[in-house]
J.: 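Sharing a structure here in structure tokens format.
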Protein chains: 2
Amino acid sequence: MSYRENPRPGGRSARVQAAVHQSVRDMLATMDRADVTIPLIAQRANVTPSTIYRRWGDLQELLADVAASRLQPESEPARIGSARRDLEVWVEQYADEMASGVGRQMLRDVLSAADGANAERCSGYTQHQLAALIARAQKSGEPFPTQAELMDHVISPIIYRILFDQAPGADYVRELIAKVMPQS
Amino acid sequence: MSYRENPRPGGRSARVQAAVHQSVRDMLATMDRADVTIPLIAQRANVTPSTIYRRWGDLQELLADVAASRLQPESEPARIGSARRDLEVWVEQYADEMASGVGRQMLRDVLSAADGANAERCSGYTQHQLAALIARAQKSGEPFPTQAELMDHVISPIIYRILFDQAPGADYVRELIAKVMPQS
DNA sequence: CCACTAACGCAAATTATTTGCTTTTGTTCA
DNA sequence: TGAACAAAAGCAAATAATTTGCGTTAGTGG
């Protein structure tokens, strides 16, 4: 049986993973990304390079794994007022995070890995947050866009701009939301 | 003066670039992507590895450059009938190309390079094609979405799905277009 | 507690990348 | 045209990263 797939909290495998992830985060925060190499990561994490190579394959996969972990939201969308307002606030924060230097880089890391699993993971996180907002609107009976509408017409344009162009502004985000709100 | 930025057609710099690009395309077509290395590319292109390193920096940059070149459209969108029909046909073909294994990989290559110039290049190509369709509609007086609407609500969702999820189908594409067409 | 095995460490072998220096090639100007 | 110049390429040595075989350690299940 594999220790890696679902490693138990205190196990050696989990400790190594935590140390390596931490090491990567530290290094990305303090040094130029081009200087972040597997031997250096290994040294800081007190493991052998071969451990990392065997476990993640290459730097891209490791960075994608770390980035996807960091993109996992820690909490539910904040409760401000109406479901629409909550949505606006959440999306604005989402857009800001993704458009920042770090966010942008994490997006790229996640997408550039050969294994697409981490990209799906990220998209899943976003959908999960949206689902929470939708459930909230349903409970209070407010009209609200569907998840597909939000993904296609709010999230997608934001991410596209970040990836290919420039950062989207706050008013741009609000316009996108206004467009998908029903019976406006 | 630099030979590289705007190399003259017959010059040495252009010959090297062509040979390297061709070599990359051949190798990507025939072998596993993980086995495509700079020394191998150099050998096949009859140049020394250091030439490639000096010129492109690393494999990711080279792949991004080649991918962006391949994503450059060779011709204007086909003229089928109405502007709307032309748009539908063009977008469907665009979506198919991007969703294919090769297209997907080219997208990733373009996005994973540290230098974002090639990503902008790609987005620029798309906008250029759309501009042609818009001009056509204007000339014939047909109602038509703006470029921003097309980028945000047709292109972006397609690319997002390709990058994070699965391939979009032909009917999905037509629905996206139906949604942005004015006075439907 | 013992047997089992996945994951790790170590070190040698291989392969990729960097770099200083030389040579080639194309450009410019007299 | 043809010399002077500059950019890019070649070559080879030095460095760094990656792979791999084998022994060891540490969780797992009986």
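Hydrogens, waters and symmetry mates are skipped; everything else that's a heavy atom, side chains included, is used.
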J.: Does any N or O donor sit under 3.5 Å from an N or O acceptor when you compare the side chain of Ser50(A) with the base of dC8(C)?
T.: no

J.: Quick one: CG on Leu163(A) to CG on Leu111(A), what's the gap to the nearest 0.5 Å?
T.: 6.0 Å

J.: Separation of Arg55(B) atom CZ from dG10(D) atom C1', in whole Å?
T.: 14 Å

J.: Starting at the 5' end of DNA chain C, which residue's closest nucleotide do you reach first, Val16(A) or Asp58(B)?
T.: Val16(A)

J.: Provide, to the nearest angstrom, the distance between the CD1 atom belonging to Ile52(A) and the C1' atom belonging to dT19(D).
T.: 15 Å

J.: Please step through salt bridge (charged side-chain N to carboxylate O under 4.0 Å, His left out) for the pair Arg33(B) and Asp109(B), ending with a clear verdict.
T.: CA-CA 11 Å; Arg33(B) 129 171 257 87; Asp109(B) 286 343; 2.7 Å; yes

J.: Which nucleotide sits closest to the side chain of Tyr53(A): dG27(D), dG10(D), dT19(D)?
T.: dT19(D)

J.: Confirm from the modelled atom types if Arg12(A) and dT25(D) form a donor-acceptor pair under 3.5 Å, side chain to base only.
T.: yes

J.: State whether the number of non-hydrogen atoms from other residues, nucleotides or ligands found under 6.0 Å of Gln43(B) atom CD is greater than 12.
T.: no

J.: Pair Arg104(A), Glu97(A) - check salt bridge (charged side-chain N to carboxylate O under 4.0 Å, His left out), show working.
T.: CA-CA 8 Å; Arg104(A) 230 176 148 111; Glu97(A) 276 181 24; over 6 Å; no

J.: Would you list the pairs meeting side-chain hydrogen bond (donor to acceptor under 3.5 Å, both in side chains) in which at least one residue belongs to residues 151-164 of chain A, sequence neighbours left out?
T.: Asp152(A)-Tyr172(B), His153(A)-His153(B), Tyr160(A)-Ser123(B), Arg161(A)-Tyr172(A)

J.: Just how far, in rounded Å, is P of dA16(C) from CG of Leu59(B)?
T.: 11 Å

J.: Could you give the CG-to-P distance, from Leu62(A) to dA17(D), as a whole number of Å?
T.: 15 Å

J.: Look at the side chain of Arg54(B) and decide which nucleotide, out of dA9(D), dC21(C), dA7(C), has an atom nearest to it.
T.: dC21(C)

J.: Please report the distance, rounded to the nearest Å, between CD in Gln43(A) and C1' in dC10(C).
T.: 16 Å

J.: Given salt bridge (charged side-chain N to carboxylate O under 4.0 Å, His left out), test Arg136(B) with Glu142(B) step by step and report yes or no.
T.: CA-CA 9 Å; Arg136(B) 215 177 278 177; Glu142(B) 293 172 69; over 6 Å; no

J.: Do any side-chain nitrogens or oxygens of Arg15(B) fall under 4.0 Å of OP1 or OP2 in dG26(C)?
T.: yes

J.: Using only side-chain N and O atoms of Thr51(B), determine if any of them is under 4.0 Å from OP1 or OP2 of dG10(D).
T.: yes

J.: What integer distance in Å separates Trp56(B):CH2 from dA9(D):C1'?
T.: 12 Å

J.: Find out whether Met106(B) and Met98(B) are in side-chain contact, i.e. whether some heavy atom of one side chain is under 4.5 Å from a heavy atom of the other.
T.: no

J.: Please give me every residue in residues 28-40 of chain B whose heavy atoms get under 4.0 Å of an atom in DNA chain C, ordered by residue number.
T.: Thr37(B), Ile38(B), Pro39(B)

